[in-house]
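Down below is the structure, laid out as structure tokens.
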Amino acid sequence: MITSSPQQPSFLTPDLTPLLDLIFIVLVFLLLTANIQIKSMEVSIPQTQDHEVLSPPDKDVITVNIHAQDSLWAIEGIPYSDWNQFAEVLVITINNQPNKSLVIAADKSASVQSMLRLLAFLQKNQINATNIIMDNQES
């Protein structure tokens, strides 16, 4: 006949619940206080009057469009869906026409990531003369 071993009295085994509670509290504290590196890009916005900001450019410009559709970027109306090809053509266009300033026109529904990617690329390549076209909203 098979018999089970006699059960130990419950007063001799330690209760692990307070220990587990303490471990979870320390774990949550360490997770909440951990340093997370946040990537950011500094963008300086000039302080001018509203009518000066929204005035049309008075010279020839290179227009870069950011779309919300499949072909995300365009240079002078020519769409590019591949970022590498777009970046290469943009650098060539700017180098061939150094006297023209760069104007960025983004769709309202275009992703912010596309705009930040373009601004980071311009900053990396030290292209400083950039204007961003905005809609004139009536209030």
Side-chain angles (χ1 to χ4, degrees):
M1 179 169 186
I2 301 174
T3 60
S4 64
S5 63
Q7 293 189 358
Q8 297 179 352
S10 63
F11 63 88
L12 293 179
T13 59
D15 185 18
L16 296 179
T17 305
L19 179 64
L20 290 175
D21 287 344
L22 184 65
I23 289 173
F24 282 124
I25 290 171
V26 170
L27 181 65
V28 168
F29 173 77
L30 291 175
L31 287 175
L32 291 177
T33 59
N35 288 336
I36 300 172
Q37 182 180 8
I38 299 174
K39 295 182 180 182
S40 64
M41 182 175 73
E42 184 177 326
V43 176
S44 58
I45 300 173
Q47 301 295 326
T48 60
Q49 299 295 324
D50 288 340
H51 66 277
E52 293 174 359
V53 172
L54 297 175
S55 64
D58 56 351
K59 59 181 179 178
D60 290 337
V61 294
I62 300 170
T63 306
V64 174
N65 301 97
I66 301 174
H67 300 286
Q69 293 96 8
D70 293 334
S71 57
L72 291 176
W73 300 278
I75 301 172
E76 299 291 336
I78 302 170
Y80 296 94
S81 58
D82 181 40
W83 169 257
N84 293 328
Q85 182 184 11
F86 166 77
E88 182 180 330
V89 172
L90 181 60
V91 169
I92 291 171
T93 304
I94 291 172
N95 288 338
N96 288 342
Q97 303 170 5
N99 57 344
K100 290 186 177 183
S101 62
L102 186 67
V103 173
I104 299 173
D107 243 353
K108 284 184 181 180
S109 57
S111 69
V112 176
Q113 182 180 1
S114 301
M115 174 70 92
L116 290 177
R117 187 174 187 183
L118 177 62
L119 291 174
F121 174 78
L122 295 174
Q123 185 178 26
K124 178 182 172 187
N125 289 296
Q126 298 175 350
I127 301 169
N128 297 322
T130 304
N131 297 316
I132 299 175
I133 296 177
M134 300 174 68
D135 279 343
N136 187 5
Q137 295 182 353
E138 300 296 326
S139 16

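Here, residue 1 is the first one in the sequence, and each next residue gets the next number. Keep in mind that the numbers below use all heavy atoms, side chains included, and drop hydrogens, waters and symmetry copies.
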To the nearest 0.5 Å, how far apart are [atom1] in [X] and [atom2] in [Y]?
X: F86; Y: R117; atom1: CZ; atom2: CZ; value: 10.0 Å
X: I66; Y: Q113; atom1: CD1; atom2: CD; value: 11.5 Å
X: N125; Y: I94; atom1: CG; atom2: CD1; value: 8.0 Å
X: L32; Y: L27; atom1: CG; atom2: CG; value: 9.5 Å
X: Y80; Y: L90; atom1: OH; atom2: CG; value: 9.5 Å
X: W73; Y: N65; atom1: CH2; atom2: CG; value: 13.0 Å

Query - Partners meeting side-chain contact (heavy atoms from CB on, under 4.5 Å) with S109 (sequence neighbours left out) - result: A68, D107
**Report entry** Candidate list N96, I104, L102, V103, test side chain to side chain contact (heavy atoms under 4.5 Å, CB included), partner I62, passing option
**Finding:** L102
Report summary line: Tightest non-hydrogen contact, residues H67 and A74, listed as NE2-CB, 3.7 Å
Report summary line: Residues joined to L16 in its hydrophobic cluster, side chain to side chain under 4.5 Å directly or through other members, sorted by chain and number, are L19, I23
Query raised in the report: Between I25 and V28, is there a shared hydrophobic cluster once you connect ILVMFWY residues whose side-chain heavy atoms come closer than 4.5 Å?
Result: no
Query raised in the report: Do the side chains of I92 and L122 join up, straight or via other hydrophobic residues, at under 4.5 Å, putting them in one cluster?
Result: no
Report task. Under the side chain to side chain donor-acceptor pair (under 3.5 Å) rule, collect the residues that match up with S111, sequence neighbours excluded. Result -> S114
